[in-house]
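Ligands are counted one by one from 1 in listed order, and the atoms in each one are counted from 1 as well. Start at 1 with the first residue, then count along the sequence.
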Amino acid sequence: MKVMVLGSGGREHALAWKLAREGHEPVCAPGNAGTAELRGARNLQLDPDDPAAVVAAARETGTELVVVGPEAPLVAGVADALRAEGVPCFGPGAAAARLESSKAFARAFMERHGVPCARTARFSDPAAGTELERFIAAHPGRLVLKKSGLAAGKGVLESDDPVELLSFGRAVLADDELLAEEFLEGFELSVFALSDGRDFAILPAARDHKKAFEGDAGPNTGGMGAVAPEPRADLALMAEIRKRLVEPTFSGMSAEGLAYRGVVFFGVMVTASGPKLLEYNVRFGDPETQSLLPILPEGFGELLRDAAEGRLDQAPIRTFEARPDRAACGFVVAAPGYPGAYPKGLAVRSLPEAENPDGLLFHASTTRASDGILHTGGGRCFAAVGLGADSVRARENGLALAAAVDFDGARFRRDIGA
Ligand code: AMP
Ligand code: GLY
């Protein structure tokens with residue numbers, strides 16, 4: 001199957017790797033230096049956020065399925081444009097993408113459909129600063145403030161410092177809505193459910209590590225590493241997540257006429273009083289995907305196509321369980337300064353092998369110059385994914401792989417999966 005994978009990150013590299021491995025022909029648009037070197041795949045220069053350009057490229061290349069990696073093309077209406085032209089697309093339309101692009105919309109949706117989540121107050125008026133100040137004073141202790149719109153994982157502040165909270169909140173209110181949530185204690189899981197608009201299939205749970213530094217210190221990032229499967233997500237917990245979070249979400253979407261063909265990423269906090277939903281994303285997680293795909297059995301490409309074409313009920317595999325003999329532990333190798341300001345275009349001096357039985361190296365937004373030198377692109381530059389028969393071996397292998405990535409200031413958290 002000819003599959004176009006939209007995006008240039010590590011998640012898209014992993015998607016293309018999995019599809020190529022299953023014998024499909026991925027075209028990565030625009031891809032990165034890693035996908036350019038992936039056997040069975042090729043890159044195509046393209047703006048993935050431009051619906052007309054994506055439709056035209058899909059037609060020219062005879063694409064049978066478009067898989068959308070990041071949220072921006074979905075929010076821009078790329079999936080709607082493709083479907084209007086009869087091109088199957090794995091990814092929701094712009095209306096459903098609001099589950100991610102507006103945290104205010106998502107929170108109201110959760111409340112309408114009884115999906116358990118943190119108690120939340122909403123501030124939408126730019127002049128709500130005084131109201132916010134009163135709210136913070138009335139809720140001493142830890143609070144979580146969130147910008148409603150897209151912020152690449154950086155629109156969230158957890159703090160118990162009223163001054164810091166107020167200054168973050170005022171900055172958000174200048175141009176967006178603000179949510180203030182009760183702080184939930186527990187452990188986080190990333191749960192992915194594929195939907196075709198009627199049926200859904202849940203993948204094994206992964207665990208991201210959101211904080212920038214070891215010991216879960218420092219600011220939130222897009223994710224510094226991920227393990228899959230997450231051992232604490234046993235059958236009983238997954239059944240509870242299905243019943244309390246996933247089922248009401250999909251029945252709510254049907255009731256609201258939001259037919260959903262793609263993946264819903266449930267950001268879950270497992271608290272003492274059960275799983276609660278932190279957020280929806282309308283795409284796979286990054287870096288969760290880099291750790292999750294290598295432990296899934298064959299047939300992933302068909303599953304994406306069946307979801308895109310509205311026939312998951314005919315999919316040969318409905319419960320996509322992790323291979324029992326396989327664990328993955330991925331380390332994000334980041335640029336110095338990330339998630340704050342960081343240099344781009346750093347020359348990469350050396351890299352481990354892209355693929356061996358003990359691990360995989362995925363690139364994010366890298367480019368190769370005409371002189372052959374590889375350059376970093378974004379803040380999270382590579383995901384070094386260790387594989388093994390168990391999580392301990394996987395972690396050791398991932399650590400060795402991450403340590404072999406060499407560029408100025410390369411940094412990773414050594415405690416992923418510890
Ligand atoms: P979000 O973008 O809503 O997923 O928030 C980013 C990260 O902030 C989450 O992955 C959590 O680590 C943390 N977080 C968000 N909301 C809460 C909350 N209500 N309680 C505790 N931690 C939270
Ligand atoms: N790793 C979290 C995310 O993709 O949003």
Between [Y] and [X], is there a side-chain heavy-atom distance shorter than 4.5 Å?
X: Val264; Y: Asn281; value: no
X: Leu6; Y: Leu46; value: yes
X: Phe382; Y: Leu351; value: yes

*Based purely on interatomic distance, does Gly223 place a nitrogen or oxygen under 3.5 Å from a nitrogen or oxygen of ligand 2?*
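No - when backbone and side-chain N and O of Gly223 are compared with those of ligand 2, no distance drops under 3.5 Å.
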*Please determine if Asp286 has a nitrogen or oxygen closer than 3.5 Å to a nitrogen or oxygen of ligand 2.*
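Yes: some nitrogen or oxygen of Asp286 is under 3.5 Å from one in ligand 2.
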*ligand 2 contacted by Ala226 (non-hydrogen, < 4.0 Å)*: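 Contact check Ala226 vs ligand 2: negative.
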Atoms in ligand 2 flagged as close to [X], the criterion being non-hydrogen separation under 4.0 Å:
X: Asp208; result: 1 (N), 2 (C)
X: Lys210; result: 2 (C)
X: Gly285; result: 4 (O)
X: Asn281; result: 5 (O)
X: Arg283; result: 3 (C), 4 (O), 5 (O)

*Return yes when atom CZ of Arg414 has more than 12 non-hydrogen atoms of other residues, nucleotides or ligands closer than 6.0 Å, and no otherwise.*
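No, the 6.0 Å shell around CZ holds no more than 12 heavy atoms from other groups.
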*Could you tell me whether some N/O pair between Leu184 and ligand 1 is separated by less than 3.5 angstrom?*
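Such a contact does occur with ligand 1.
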*Is Lys146 in polar range of ligand 1, meaning some N or O pair under 3.5 Å apart?*
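The answer is yes, given that Lys146 and ligand 1 share an N or O pair closer than 3.5 Å.
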Proximal ligand 1 atoms for [X], defined as those under 4.0 Å from one of its heavy atoms:
X: Lys103; value: 1 (P), 2 (O), 3 (O)
X: Met269; value: 21 (C), 22 (N)
X: Lys210; value: 10 (O)
X: Glu182; value: 18 (C), 19 (N), 20 (N)

*When you measure from atom 12 (O) of ligand 1 to each heavy atom in Arg142, Arg119, Glu188, Glu181, which option holds the nearest one?*
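It is Glu188 that holds the nearest heavy atom.
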*Should the proximity of Glu288 to ligand 2, defined as any heavy atom under 4.0 Å, be assigned to the side chain, the backbone, both, or neither?*
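For Glu288, the contact with ligand 2 is made by the side chain alone.
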*Parallel under 30°, tilted from 30 to 60°, perpendicular over 60°: which one fits the rings of Phe284 and Phe300?*
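Rings of Phe284 and Phe300: tilted, 30 to 60°.
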*Between Asn220 and ligand 1, find which residue part has any heavy-atom pair under 4.0 Å and reply side chain, backbone, both or neither.*
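Contact part for Asn220 vs ligand 1: side chain (C-beta onward).
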*Please confirm whether Arg411 makes a cation-pi placement over Tyr338, using NZ or CZ under 6.0 Å from the six-membered ring centre and within 45° of the ring normal.*
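Output no; distance or angle outside limits.
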*Is Arg98 positioned over the aromatic face of Phe105, cation under 6.0 angstrom from the ring centre and no more than 45 degrees off axis?*
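The answer is yes; both the distance and angle limits are met.
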_salt bridge (Lys or Arg N to Asp or Glu O under 4.0 Å), that's the test. Do Glu214 and Arg413 meet it? Break it down for me._
CA-CA 6 Å; Glu214 279 161 26; Arg413 270 184 64 168; over 6 Å; no
_Less than 3.5 Å apart, any donor N or O on the side chain of Trp17 or Gln290 sitting next to an acceptor on the other?_
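Short answer, no.
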*asked:* Looking only at the side chains, is there a donor atom on one of Glu256 and His113 sitting less than 3.5 Å from an acceptor on the other?
replied: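 The criterion, which ignores hydrogens and geometry beyond distance, is satisfied for His113 and Glu256.
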*asked:* Using salt bridge (Lys or Arg N to Asp or Glu O under 4.0 Å), reason through Glu111 and Arg107 one step at a time and then give a plain yes or no.
replied: CA-CA 6 Å; Glu111 286 166 2; Arg107 188 56 51 152; 5.5 Å; no
